[in-house]
*Asks:* 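The structure that follows is given in the form of structure tokens.
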Amino acid sequence: MYNSRISGLGFYVPENVVTNDDLSKVMDTNDEWIQERTGIKERRHVVKGTDTTTSMGVKAAQKAIERAGIAKEEIDFIVFATLSPDYYFPGPGVLVQRDLGLDTVGALDIRNQCSGFVYGISVADQYIKSGMYKNVLVIGSELHSHGLDMTTRGRGVSVIFGDGAGAAVLTREEDSSKGILSTHLHSEGQHAEELSLIAPGMGKRWVTDIIEDNDPEDTSYFPYMNGQFVFKNAVVRFSEVIMEGLQKNALSPQNIDMLIPHQANLRISQFIQKKFGLGDDQVFNNIMKYGNTTAASIPIALTEAWEEGKIKEGDLVVLAAFGSGFTWGSVIIRW
Ligand code: ACO
């Protein structure tokens with residue numbers, strides 16, 4: 001049995017910066033409210049007709065492959081996590097295979113929202129551990145801005161989310177003490193609708209129903225979030241799943257060199273930091289600049305932390321996510 005390690009990282013965000021003041025011009029909100037509740041100062045929004053979820057993922061992937069020091073032909077498999085795919089089907093995994101010009105390697109799409117990248121890493125890790133593949137490309141990418149309610153009605157959700165992509169190459173590692181030590185995944189579908197976008201879907205409302213109803217009050221095709229309920233569940237599940245991962249490896253919070261939490265909300269990260277008694281140099285946050293980029297948030301943050309020299313060989317790096325589903329998970333890495 002092998003281990004897998006992250007051999008290359010990359011991220012891409014669109015150039016267009018949208019500040020809290022910019023949002024206050026299109027809806028009744030303000031910089032103080034947004035910063036106080038979420039920590040967000042600005043986010044990136046794709047200008048229509050430029051990038052897509054796939055194109056951002058491809059740009060992040062190209063950097064990750066280059067930094068892994070491999071040729072793209074050495075990628076054996078693609079895993080793509082997003083809740084904002086270019087098409088209803090097919091998913092963006094195959095579009096990446098096409099746009100990167102890869103041979104007919106397999107491509108898997110992951111539908112686990114904010115936990116998507118953690119789930120993707122877990123899947124890639126199992127393929128490498130089993131010996132099936134040597135290099136797996138894992139991408140998290142989101143284009144939220146085109147699908148948000150950018151009016152006062154949608155302000156509780158739309159100020160939080162931003163666009164961007166991050167990618168990692170996982171590579172076979174012979175040394176079992178290095179790389180991904182363990183991954184831990186959970187779900188609780190009884191809260192599925194507490195953070196959801198239910199239409200268009202085959203379950204309740206398809207596009208034809210939306211058009212037929214032509215109801216200006218219809219919000220079923222915008223994301224819905226029960227913010228306080230999500231907050232309460234997130235802090236509990238984040239803590240549990242980080243502890244689960246540490247205990248599995250006979251480690252404690254004091255052993256963490258770098259915690260990369262999903263960038264849901266700065267207040268959630270700060271709660272976890274305090275709970276585990278971690279210093280500012282042990283937790284990485286960049287939600288201030290990019291907002292919540294869902295499946296992209298961990299790979300973007302991990303790449304930035306690595307680029308800034310905050311992750312060194314031998315460090316214990318912990319990734320943790322919680323999100324819609326609910327789904328949550330953690331990854332314990334010896335860098
Ligand atoms: N600007 C100004 N006022 C606003 C805004 C806004 N953008 N959004 C809502 N308000 C108003 C509301 O209308 C309400 O006004 P009212 O009291 O007159 O009715 C008031 O602010 C309070 O609204 P709440 O929704 O109760 O605000 P709350 O304090 O709960 O903060 C928030 C909302 C930030 C979403 C909070 O619930 C939270 O942090 N939740 C955690 C969920 C989260 O972080 N989700 C991220 C995505 S999910 C994930 O990644 C896991």
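Atoms within each ligand, like the ligands themselves, are counted from 1 in listed order.
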*Asks:* Could you tell me which residues satisfy salt bridge (charged side-chain N to carboxylate O under 4.0 Å, His left out) with E217, sequence neighbours excluded, listed by chain and number?
*Replies:* none

*Asks:* Identify the closest protein heavy atom to atom 33 (C) of ligand 1: which residue and atom is it, and at what distance?
*Replies:* W33 CH2, 3.8 Å

*Asks:* What atoms in ligand 1 come closer than 4.0 Å to a heavy atom of G156?
*Replies:*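 Result: 8 (N).
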
*Asks:* Which heavy atom of the protein is the closest neighbour of atom 24 (P) of ligand 1, given with residue, atom name and distance?
*Replies:* Q228 NE2, 4.1 Å

*Asks:* Just let me know how R267 lines up against ligand 1, side chain, backbone, both or neither, with a heavy-atom cut-off below 4.0 Å.
*Replies:* neither

*Asks:* Quick one: nearest non-hydrogen protein atom to atom 51 (C) of ligand 1, plus distance?
*Replies:*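 Checked against all protein heavy atoms, atom 51 (C) of ligand 1 sits closest to F322 O, 3.1 Å.
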
*Asks:* Quick one about S182 and N249 (side-chain donor to acceptor, distance below 3.5 Å, no hydrogens or angles considered), yes or no?
*Replies:* yes

*Asks:* Does A264 approach ligand 1 within less than 4.0 angstrom via side chain, backbone, both or neither, non-hydrogen atoms only?
*Replies:* both

*Asks:* For atom 40 (N) of ligand 1, grab the closest protein heavy atom and report residue, atom and distance to one decimal in Å.
*Replies:* G227 O, 2.9 Å

*Asks:* Identify, for atom 14 (C) of ligand 1, the protein heavy atom at the shortest distance, and state residue, atom and that distance.
*Replies:*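 The protein heavy atom lying closest is R155 NH2, 4.7 Å.
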
*Asks:* Enumerate the atoms of ligand 1 whose separation from the nearest heavy atom of V159 is less than 4.0 angstrom.
*Replies:* 7 (N)

*Asks:* Strictly by modelled atom types, are E142 and S84 linked by a side-chain donor-acceptor pair under 3.5 Å?
*Replies:*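 S84 and E142 do have a side-chain donor-acceptor pair below 3.5 Å.
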
*Asks:* Within a distance under 4.0 Å of any heavy atom of C114, pick out the atoms of ligand 1 and give their elements.
*Replies:* 49 (C), 50 (O)

*Asks:* Between N226 and E193, do the side chains contain an N or O donor and an N or O acceptor separated by less than 3.5 Å?
*Replies:*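 The criterion, which ignores hydrogens and geometry beyond distance, is not satisfied for E193 and N226.
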
*Asks:* Hey, does A234 sit under 4.0 Å from ligand 1 if you only count heavy atoms?
*Replies:* no

*Asks:* For atom 46 (C) of ligand 1, which of N265, V235, T29, N292 has the closest heavy atom?
*Replies:*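 It is N292 whose heavy atom sits nearest to atom 46 (C) of ligand 1.
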
*Asks:* Not counting sequence neighbours, which residues clear ring pair (Phe, Tyr, Trp, His ring centres under 6.0 Å) with H191? List them please.
*Replies:*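 Ring pair (Phe, Tyr, Trp, His ring centres under 6.0 Å) list for H191, sorted by chain: F229, F326.
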
*Asks:* What residue and atom, counting heavy atoms only, is the protein's closest point to atom 48 (S) of ligand 1, and at what distance?
*Replies:*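 Scanning the protein heavy atoms, the shortest distance from atom 48 (S) of ligand 1 goes to L195 CD2, 3.4 Å.
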
*Asks:* Of the choices R237, R37, M27, which has the non-hydrogen atom that lies closest to atom 22 (C) of ligand 1?
*Replies:*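 Checking each option, the heavy atom nearest atom 22 (C) of ligand 1 is found in R37.
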
*Asks:* Would you mind checking which non-hydrogen protein atom is closest to atom 43 (C) of ligand 1, with the distance to 0.1 Å?
*Replies:*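 Looking at atom 43 (C) of ligand 1, the protein heavy atom closest to it is M225 SD, 4.0 Å.
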
